[in-house]
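Have a look at the structure below, then the notes.
The figures that follow rest on heavy atoms only: side chains count, while hydrogens, waters and symmetry mates do not.
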Amino acid sequence: MARLMMHQPASDDQKSQPEVEVITIKVGTGEGARHFEVRKDRLCVRSEIFRDYLASNPSVTEIDRPDEDPYVFSLVMQYLYRGTLPNVMPLPPFIITVEQKIQLLNCLGRVRKSQHGKPFQRPVRELWPEIAEAYAEKVDQPIDLLTIEMNVWGDWYNNLGELKPHFDRLYNNSVTFNGFNHPISNRAHIIRRRMFAFIDALEEQAERDATGSTFTRSMKKSTGPSEKEEKEDARSREGCHNLQRLICVSERYRLDSLTAICMDALTQLYKTHHLSPSAPSILYIYSHTSVGSKLRLYVSRSLAHAIMNKSPNDGGIGGVETDWIWDVMKENNELGMDVLAELRGKNGMKVTKAEDAFPCEYHWHGEGDICTAKLY
């Protein structure tokens, strides 16, 4: 009976439903590579580049992007399915607390006993020994809910984020053995989605508790406000860095709505924490974007403001001396032209801060068009 469930034919209701086309995007190389499955219609609605490519290549089901960063692309996937700004702010490096461990075990127990979790309750060799050999030939790294639960019990995971790859593997293994539209793979997809949401909720709660300094930490607590401010500043800078990387990808694939909400978030983060683009981030941005980039526009305005408004005692912006700005402008013609374009016609007048510009100046839409960022 169990074996029949692994290969059961679709019911009449399932046959009557239109088949959903799924595109697999392979991102990165080596051990860190990840496979993302996304609905074709959702991808085409969000991205002009993918829409044109898939329209010209309708039979394509897999896309290889070896040069992209799997982490950044995971943020893109969050946006594609949620339609909101992904969580780019890093969490403090907490290990899983006792309270979180109890919540995880309770949740895993419920999932394992649910209808969706039945095919994954235990290892395949125990549930279906008659197909274990065939399964092992197709699946290199098996995983099941009981193994994940035992890993939590044994403190195998260093943090909450380390659970997600195992739920990715649970789904990918089912797709490899059963296929995309098989009922078992659909159950694995639901499990992964629910567990990701549960883990995200635990992480968000941890971040809220950490901000209020009420969270039970595994690391040494801050001994003074200056250290706390320093850590918060580092987190803000990393959040800015993640947003910059995400915008580079969103502009490359013309995910215009994502670019808009990310530019709004980046501008607000810079303004709230009194930050500006750093030397490494400027070099990164100009090597990963093209002419006309909204992110380049923000950077060039920031540098123009620093050049024109620098006081004698000001050491520069974001750790970047203004003398360096001129040096890098000489080495990078596109950066130099962008900054000079912002300075042209100012005649010594003050240059407006980049974050004080009208937000839609950093969005990809025409004058009078509906601003997609305001829809989210």
Side-chain angles (χ1 to χ4, degrees), residues 1-27 33-43 60-63 70 74 77-78 80-82 104-153 156-157 162-200:
M1 192 68 181
R3 180 169 183 167
L4 289 176
M5 186 168 65
M6 286 293 287
H7 300 279
Q8 61 185 350
S11 64
D12 292 338
D13 290 339
Q14 290 169 332
K15 289 179 180 179
S16 64
Q17 295 178 357
E19 184 174 340
V20 176
E21 291 187 81
V22 177
I23 301 295
T24 301
I25 305 177
K26 301 178 180 180
V27 183
R34 290 186 64 182
H35 293 190
F36 298 96
E37 285 80 32
V38 59
R39 288 176 49 163
K40 183 177 180 178
D41 56 351
R42 192 183 297 268
L43 187 62
V60 167
T61 58
E62 292 187 357
I63 300 174
S74 72
M77 289 297 108
Q78 288 183 40
L80 288 176
Y81 278 97
R82 299 177 186 175
L104 277 170
L105 290 171
N106 288 338
C107 181
L108 283 167
R110 291 193 298 270
V111 170
R112 199 158 61 86
K113 295 174 183 177
S114 69
Q115 192 66 28
H116 296 304
K118 284 184 178 179
F120 311 99
Q121 283 182 335
R122 306 181 73 83
V124 169
R125 66 179 182 274
E126 297 181 20
L127 288 178
W128 300 286
E130 65 274 18
I131 65 169
E133 185 176 344
Y135 187 82
E137 289 178 359
K138 284 190 173 184
V139 177
D140 295 330
Q141 296 180 302
I143 193 71
D144 59 273
L145 293 174
L146 179 62
T147 298
I148 295 175
E149 194 172 330
M150 291 300 99
N151 287 344
V152 174
W153 270 111
W156 191 88
Y157 302 105
E162 290 188 3
L163 277 87
K164 288 186 175 182
H166 276 179
F167 289 105
D168 276 335
R169 191 192 303 175
L170 188 81
Y171 173 70
N172 291 334
N173 287 352
S174 181
V175 169
T176 299
F177 189 77
N178 300 303
F180 275 118
N181 294 311
H182 194 279
I184 300 299
S185 296
N186 293 337
R187 294 184 184 186
H189 175 71
I190 292 172
I191 291 173
R192 181 179 67 168
R193 186 181 63 200
R194 289 181 177 177
M195 290 308 303
F196 271 38
F198 185 78
I199 292 168
D200 288 342

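Residues S174 and S185 share a closest heavy-atom pair of OG-OG, 3.0 Å. Here the closest heavy-atom approach between residue M77 and residue V38 is recorded as SD-CB, 4.2 Å. Minimum interatomic distance between R122 and L127 (heavy atoms only, all atoms of both residues): O-CD1, 3.5 Å. Taking both residues in full, the closest heavy atoms of T147 and P123 are given as OG1-CG, 4.5 Å, listed atom of the first, atom of the second, then distance. When all heavy atoms of N181 and N186 are compared, the closest pair comes out as O-ND2, 3.8 Å. Scanning all heavy atoms of the two residues, the minimum distance from P142 to N173 falls at CA-ND2, 3.6 Å.
Going from atom CD1 of I23 over to atom CZ of F36 covers 15.0 Å, rounded to the nearest 0.5 Å. Expressed to the nearest 0.5 Å, how far CD of Q78 lies from CG of D200 amounts to 6.5 Å. Expressed to the nearest 0.5 Å, how far NE2 of H166 lies from CD of Q141 amounts to 8.0 Å. Distance check, rounded to the nearest 0.5 Å: CG of L80 to CZ of R42 gives 8.0 Å. Rounding to the nearest 0.5 Å gives a distance of 12.0 Å between CD1 of I143 and CG of N172. To the nearest 0.5 Å, atoms OH (Y135) and CG (N178) are separated by 8.0 Å.
For the pair D168/R192, a side-chain contact is recorded, criterion being any heavy-atom separation below 4.5 Å from C-beta on. Using a 4.5 Å heavy-atom cutoff, the side chains of V124 and D144 are not in contact. A heavy-atom distance below 4.5 Å is not found between the side chains of E37 and H189. Side-chain contact between D41 and E21 is absent, with no heavy-atom pair separated by less than 4.5 Å. Proximity of L105 to E149: side-chain heavy atoms (C-beta onward) are separated by under 4.5 Å at one or more points. Considering only heavy atoms from C-beta on, T24 stays 4.5 Å or farther from V175 through its side chain. Residues I131 and F177 are in side-chain contact: their nearest non-hydrogen atoms beyond the backbone lie under 4.5 Å apart.
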Item to complete: In sequence, state the C-alpha distance, the side-chain angles, and the governing distance for K40 and T61, and then conclude on side-chain contact (heavy atoms from CB on, under 4.5 Å).
Response: CA-CA 9 Å; K40 183 177 180 178; T61 58; over 6 Å; no
Discussion item. Run R187 and F120 through side-chain contact (heavy atoms from CB on, under 4.5 Å) and show every step you take.
Written reply: CA-CA 9 Å; R187 294 184 184 186; F120 311 99; 4.2 Å; yes
Worksheet item: Taking it one step at a time, do Y171 and I191 satisfy side-chain contact (heavy atoms from CB on, under 4.5 Å)?
Response: CA-CA 8 Å; Y171 173 70; I191 291 173; over 6 Å; no
Worksheet item: So M195 and L163, side-chain contact (heavy atoms from CB on, under 4.5 Å) or not? Walk me through it.
Response: CA-CA 9 Å; M195 290 308 303; L163 277 87; 5.5 Å; no
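Between R169 and D140 there is no salt bridge, since none of the side-chain N atoms of the basic residue sits less than 4.0 Å from a carboxylate O of the acidic one.
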